[in-house]
2 protein chains.
Amino acid sequence: MSSCCAELTTAPLSEERAAEIAPVFKALGDPVRLRLLSMIGSGAGGEVCVCELTPAFDLSQPTISHHLKLLRQAGLIDSERRGTWVYYRLRPETTDMLASLLRRPAEVTA
Amino acid sequence: MSSCCAELTTAPLSEERAAEIAPVFKALGDPVRLRLLSMIGSGAGGEVCVCELTPAFDLSQPTISHHLKLLRQAGLIDSERRGTWVYYRLRPETTDMLASLLRRPAEVTA
DNA sequence: CCGTTGGATCGAAGGGTGTCAATATAGAAA
DNA sequence: TTTCTATATTGACACCCTTCGATCCAACGG
């Protein structure tokens with residue numbers, strides 16, 4: 001899973017690589033998941049308890065749990081159970097990979 | 001549509017901003033559209049003719065046209081008709097916005 | 001052991017998405 | 001105008017996705 005050098009603007013993506021990346025963007029393509037990810041990513045200590053996420057939305061607990069599962073399956077977050085509670089944290093490798101994919105090659109002094 | 005400073009990892013996204021951004025990621029959440037975007041983004045002269053895109057896939061012409069429409073509605077590409085042909089080009093402001101949103105704040109010298 | 005609480009999973013309902021064949025539209029050429 | 005070619009739009013179908021209530025599982029406290 002190479003993650004270098006503005007792939008989007010330098011060469012056409014291979015079919016395989018596109019199939020690999022698309023699901024990650026798809027996971028980001030929902031407002032609830034986007035907010036969940038930003039809450040997790042900006043959480044103090046780098047992690048957030050589910051018990052803090054669920055009440056922040058006007059959605060049922062199973063729905064939030066479902067969205068968290070999708071984010072985890074996309075490789076965007078990780079979870080860890082400690083006692084009764086479950087904590088989620090960002091996986092920066094994944095967001096970094098997407099960011100570098102979208103970045104433009106440094107202005108060819110047009 | 002502010003686009004500064006690693007919003008994802010610094011503060012929770014507002015409901016409104018999440019609703020604004022999610023559709024753009026959603027447009028990227030399909031392998032065909034990702035490949036289309038990368039072909040357009042890496043096209044010589046900054047633009048690519050539809051007549052070059054359509055035969056590159058094992059899909060019908062209406063299907064490609066549909067995906068291009070979605071990418072355009074998401075603000076990721078623009079189209080221009082010149083004579084019989086239609087040319088698509090990248091809108092870098094949009095991909096730049098996404099990239100900066102995903103970027104991490106420069107390592108707090110952990 | 002039992003009851004309670006945090007979280008995940010299941011199953012179903014409703015709306016959305018990707019794909020196609022058929023058709024429509026825009027421009028060039030005859 | 002008539003015809004041909006390049007894209008876009010329409011309508012239909014199968015599948016997927018978000019959401020919920022109901023239920024299950026794991027961990028702690030009596």
Side-chain angles (χ1 to χ4, degrees), chain A residues 13 15 18-40 43 45 47-89, chain B residues 13 15 18-40 43 45 47-89:
Chain A
L13 236 40
E15 203 168 336
E20 195 175 80
I21 298 173
V24 188
F25 279 125
K26 193 172 183 179
L28 294 176
D30 178 279
V32 174
R33 287 195 290 271
L34 222 36
R35 288 177 63 202
L36 281 170
L37 191 69
S38 73
M39 292 175 73
I40 294 169
E47 62 181 17
V48 177
C49 178
V50 176
C51 61
E52 226 178 307
L53 297 172
T54 304
F57 295 83
D58 237 11
L59 294 169
S60 70
Q61 176 267 320
T63 296
I64 298 299
S65 189
H66 172 65
H67 284 304
L68 289 171
K69 182 181 188 175
L70 292 188
L71 285 172
R72 182 159 39 78
Q73 288 175 333
L76 286 161
I77 57 176
D78 255 343
S79 65
E80 182 193 352
R81 161 161 238 138
R82 287 207 298 278
T84 308
W85 292 277
V86 176
Y87 296 85
Y88 280 87
R89 62 174 59 244
Chain B
L13 235 41
E15 204 169 334
E20 195 175 80
I21 298 173
V24 187
F25 279 125
K26 195 172 184 179
L28 293 176
D30 179 279
V32 175
R33 288 194 290 270
L34 263 187
R35 289 178 63 204
L36 281 170
L37 192 68
S38 73
M39 292 176 73
I40 294 169
E47 61 181 17
V48 178
C49 177
V50 176
C51 60
E52 226 177 306
L53 298 172
T54 304
F57 295 83
D58 236 12
L59 294 168
S60 71
Q61 174 266 319
T63 297
I64 299 299
S65 189
H66 171 65
H67 285 303
L68 289 171
K69 181 182 189 175
L70 292 188
L71 286 172
R72 184 160 36 78
Q73 288 176 334
L76 286 160
I77 57 177
D78 254 343
S79 65
E80 182 193 352
R81 163 161 235 139
R82 286 206 300 278
T84 308
W85 292 276
V86 175
Y87 296 84
Y88 279 87
R89 61 176 59 245

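Chain letters run A, B, ... following the sequence lines, proteins first, then strands; residues in each count from 1.
- Put simply, the side chain of B/F57 does not reach to within 4.5 Å of the side chain of B/H67, judged on heavy atoms.
- Nucleic acid contact for A/L68: none, since no nucleic acid atom lies under 4.0 Å from a heavy atom of the residue.
- The shortest heavy-atom contact between A/A18 and A/P23 is O-CD, 4.4 Å.
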- Task: Please test B/L28 against A/L28 for side chain to side chain contact (heavy atoms under 4.5 Å, CB included), starting from the C-alpha separation and ending with a verdict.
- Result: CA-CA 9 Å; B/L28 293 176; A/L28 294 176; over 6 Å; no
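- In this structure, A/S38 contributes its side chain and A/R35 its backbone to a donor-acceptor pair below 3.5 Å.
- When each of A/R33 and A/G83 is assigned the nucleotide of DNA chain D with its nearest heavy atom, A/R33 is the one assigned upstream, toward the 5' end.
- As judged by a 4.0 angstrom heavy-atom cut-off over every strand, B/L59 is placed among residues touching the sugar-phosphate backbone only.
- The closest donor-acceptor contact from the side chain of B/S65 to the backbone of B/Q61 lies at 3.5 Å or more, if one exists at all.
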Less than 3.5 Å apart, which donor and acceptor atoms pair up between the side chains of residues 70-86 of chain B and the rest of the protein, not counting sequence neighbours?
from  : atom 1 : to    : atom 2 : distance (Å)
B/E80 : OE1    : B/R82 : NH1    : 3.3
B/R81 : NE     : B/G83 : O      : 3.2
B/R81 : NH2    : B/T84 : O      : 3.4
B/R82 : NH2    : B/E47 : OE2    : 2.6

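- The residue A/L53 sits apart from the nucleic acid: no heavy atom pair falls under 4.0 Å.
- Between chain A and DNA chain C, the heavy-atom contact criterion of under 4.0 Å yields a 5' to 3' nucleotide range of C/dG6 to C/dT9.
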- Item | Audit row: A/L53, A/I40, side chain to side chain contact (heavy atoms under 4.5 Å, CB included) steps and yes/no | CA-CA 8 Å; A/L53 297 172; A/I40 294 169; 4.1 Å; yes
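- Protein chain B contacts DNA chain D from D/dA6 to D/dT9, reading 5' to 3' and using non-hydrogen atoms of the protein with a distance under 4.0 Å.
- In this structure, B/H67 and A/T84 both approach DNA chain C, and ranking their closest nucleotides by distance from the 5' end singles out A/T84.
- Using a 4.0 Å heavy-atom criterion, one finds that A/F57 contacts no nucleic acid atom at all.
- In plain terms, the two heavy atoms of B/V50 and B/P55 that are nearest each other are O-CD, 4.3 Å.
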